[in-house]
Amino acid sequence: MTNTRVLSFSDESLAEAARLILAGEPVAVPTETVYGLAADATNAEAVARIYEAKGRPTFNPLIVHVTDIAAAERIGEFNEAAHELARRYCPGPLTLVVTLRPDSGIASIVTAGLSTIGLRVPAHRAMQALLRAVGRPLAAPSANASGLISPTRAEHVLKSLGGRIPLIIDGGATQRGLESTIVATTGNALRLLRPGPIEVAADPAPDGKIEAPGQLASHYAPSKPLRLRATLAEADEYLIGFGEVAGESNLSTSGDLVEAAARLFDLLHAADESAKPRIAVAPVPERGLGAAINDRLRRAAA
Ligand code: TXA
Ligand code: MG
């Protein structure tokens with residue numbers, strides 16, 4: 001159990017939040033939509049701790065928050081449509097899904113291994129101040145435990161994540177109370193991935209339904225067959241190890257599930273790019289973040 005402090009938004013509490021984030025801890029902070037659970041998007045283990053705190057049994061791509069459009073364009077490639085939306089609505093409750101730049105520095109666990117990224121320039125002064133104090137992009141899903149509703153007050157965050165995170169910055173009730181509108185600008189037509197406070201003229205989805213967050217067909221999966229719970233590699237297999245099962249690479253030689261989650265997508269990509277035609281993965285225990293790791297591995301094997 002972690003002692004969760006709730007501090008009112010001030011220069012001092014902000015400095016403490018920035019210090020914790022640079023030390024790899026997640027911190028809850030208000031945005032104009034809902035409270036977010038923010039971590040350094042360039043630090044894979046810090047982002048893994050977001051999943052650990054939320055108890056989320058799956059990896060979803062997370063939204064990355066930045067101070068301004070220029071910072072967003074250092075991470076993603078903006079086409080004309082993305083530029084136009086950004087000029088009109090940023091800062092504000094809009095998330096743009098764009099192509100990830102290869103040199104972005106964003107940890108692969110943030111995008112769940114995808115080659116696209118959701119970017120948002122928040123308008124809230126607490127989140128803006130935190131971004132400037134940290135000087136890094138911040139990954140932040142809503143600050144609630146998995147399966148619970150999004151928090152619009154610090155008390156909601158405390159009820160849901162108390163004992164699991166070190167700090168909540170209290171900035172009062174959020175103004176919008178609804179998560180940001182998500183628009184994918186990759187491809188030819190704009191696609192509305194999640195309706196929200198901003199109404200954007202975008203096609204709902206190819207089949208007329210709105211794609212549910214986290215259920216996107218675009219989830220990264222390796223192109224090769226994958227065998228689970230392997231303890232020895234066969235001749236044509238690239239074995240991803242865990243703990244004492246060594247492998248060609250290892251999720252965590254010490255059996256640390258935060259480290260394993262942080263390395264998962266990088267190692268899947270490495271296995272995919274290796275000369276071996278098949279992938280095998282060592283057993284990963286189902287406790288803690290192991291549930292999310294195994295969920296992803298089962299999908300990759302299916
Ligand atoms: O208002 C908000 O957007 C809040 C505040 C904290 O900023 N954040 C938020 O994040 O709602 P989260 O993690 O709860 O929602 C992230 C959703 C994913 O489930 C997915 O639907 C979409 O954003 N998303 C993120 N990156 C994506 C990508 N590369 N491709 C498609 N969808 C993506
Ligand atoms: Mg959420």
Side-chain angles (χ1 to χ4, degrees), residues 26-39 41 47 50-51 53-67 72 75-77 82 89-101 104 106-124 126-128 130-131 137-154 156-157 160-161 168-169 171 174-187 190-198 200 202 205 210-220 265 292:
V27 170
V29 57
T31 80
E32 73 273 37
T33 57
V34 299
Y35 276 69
L37 185 59
V47 176
I50 291 179
Y51 284 97
K54 284 179 65 97
R56 204 172 195 171
T58 54
F59 293 114
N60 271 338
L62 301 179
I63 294 169
V64 169
H65 301 68
V66 290
T67 47
I75 297 171
E77 284 165 23
Y89 298 113
C90 294
L94 176 70
T95 296
L96 294 172
V97 172
V98 300
T99 302
L100 182 64
R101 286 189 189 278
S104 67
I106 300 294
S108 62
I109 187 176
V110 171
T111 60
L114 296 176
S115 58
T116 56
I117 187 164
L119 292 169
R120 163 154 136 71
V121 179
H124 196 285
M127 184 54 139
Q128 272 287 342
L130 186 60
L131 284 164
L138 295 175
S142 50
N144 52 278
S146 177
L148 300 181
I149 52 169
S150 293
T152 57
R153 293 175 180 277
H156 300 163
V157 182
S160 171
L161 296 178
I168 300 167
I169 298 292
T174 61
Q175 186 203 346
R176 303 279 189 164
L178 200 66
E179 290 101 333
S180 63
T181 304
I182 305 181
V183 179
T185 62
T186 51
L190 298 179
R191 286 181 307 139
L192 183 64
L193 299 188
R194 180 171 74 186
I198 286 178
V200 175
I210 290 168
E211 290 172 68
Q215 300 188 334
L216 303 166
S218 55
H219 266 320
Y220 169 74
F265 292 101

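Heavy-atom basis, side chains included; hydrogens, waters and symmetry copies ignored. Everything numeric here is computed off the predicted structure, so don't read it as measured data. All residue numbers refer to positions in the sequence shown, counting from 1. Counting starts at 1 for both ligands and their atoms, in listed order.
- Counting only heavy atoms from C-beta outward, the side chains of T181 and P197 approach each other to under 4.5 Å.
- Put simply, the residue from I75, V110, V64, I117 that forms a side chain to side chain contact (heavy atoms under 4.5 Å, CB included) with S104 is I75.
- Scanning for side-chain contact (heavy atoms from CB on, under 4.5 Å) contacts around R56 gives Y51, K54, T58, N60, L62, P141, S146, with sequence neighbours left out.
- E179 meets the salt bridge (charged side-chain N to carboxylate O under 4.0 Å, His left out) test with no other residue; sequence neighbours excluded.
- Residue contact annotation: L193 has a non-hydrogen atom under 4.0 Å from ligand 1.
- Atoms of the protein (N, O or S only) found under 2.8 Å from the Mg ion (ligand 2) are S142 OG.
- Near R194, meaning under 4.0 Å from one of its heavy atoms, ligand 1 places the atoms 2 (C), 3 (O), 9 (C), 11 (O), 15 (O).
- Less than 4.0 angstrom separates some heavy atom of S142 from each of these atoms of ligand 1: 9 (C), 10 (O), 14 (O).
- Within the 4.5 Å cutoff, side-chain heavy atoms of L193 are placed close to those of V97.
- Counting atoms of ligand 1 from 1 in the listed order, those under 4.0 Å from a heavy atom of A140 are 6 (C), 8 (N), 10 (O).
- Inter-residue side-chain proximity for L96 and I182 is flagged as unmet; no heavy-atom pair is nearer than 4.5 Å.
- Two residues are said to be in side-chain contact when any heavy atoms from C-beta on lie closer than 4.5 Å; T67 and V121 fail this criterion.
- Remark: among candidates V97, N144, L138, the nearest residue to atom 30 (N) of ligand 1 is V97, based on non-hydrogen atoms.
- With a 4.0 Å heavy-atom cut-off, ligand 1 is reached by the side chain of T33 but not by its N, CA, C or O.
- Near I117, meaning under 4.0 Å from one of its heavy atoms, ligand 1 places the atoms 29 (N).
- The only option from H124, R120, Q175 that meets the side chain to side chain donor-acceptor pair (under 3.5 Å) definition with T31 turns out to be R120.
- Side chains of R191 and T186: a donor-acceptor N/O pair is absent below 3.5 angstrom, by distance only.
- Close approach of ligand 1 to I182 is summarised as follows: ligand atoms under 4.0 Å from at least one heavy atom of the residue are 17 (C), 22 (C), 23 (O).
- For ligand 1, the atoms closer than 4.0 angstrom to any heavy atom of E179 are 1 (O), 11 (O).
- At least one heavy atom of H65 sits closer than 4.0 Å to an atom of ligand 1.
- Residues that satisfy the ring-ring contact (aromatic ring centres under 6.0 Å, His included) test with F265, not counting sequence neighbours, are F59.
- When side chains are defined from C-beta on, P91 does not count as touching P122, because their heavy atoms never get closer than 4.5 Å.
- Under the 3.5 Å distance criterion, with hydrogens and angles disregarded, a donor-acceptor pair is assigned to the side chains of T95 and S180.
- Contact atoms of ligand 1 toward S180: 1 (O), 2 (C), 3 (O) (distance under 4.0 Å to a heavy atom of the residue).
- Nearest to atom 28 (C) of ligand 1 by heavy-atom distance, out of T116, T181, V34, is T116.
- Under a 4.0 Å criterion applied to the non-hydrogen atoms of R120, ligand 1 contributes the atoms 1 (O), 2 (C), 3 (O), 5 (C), 7 (O).
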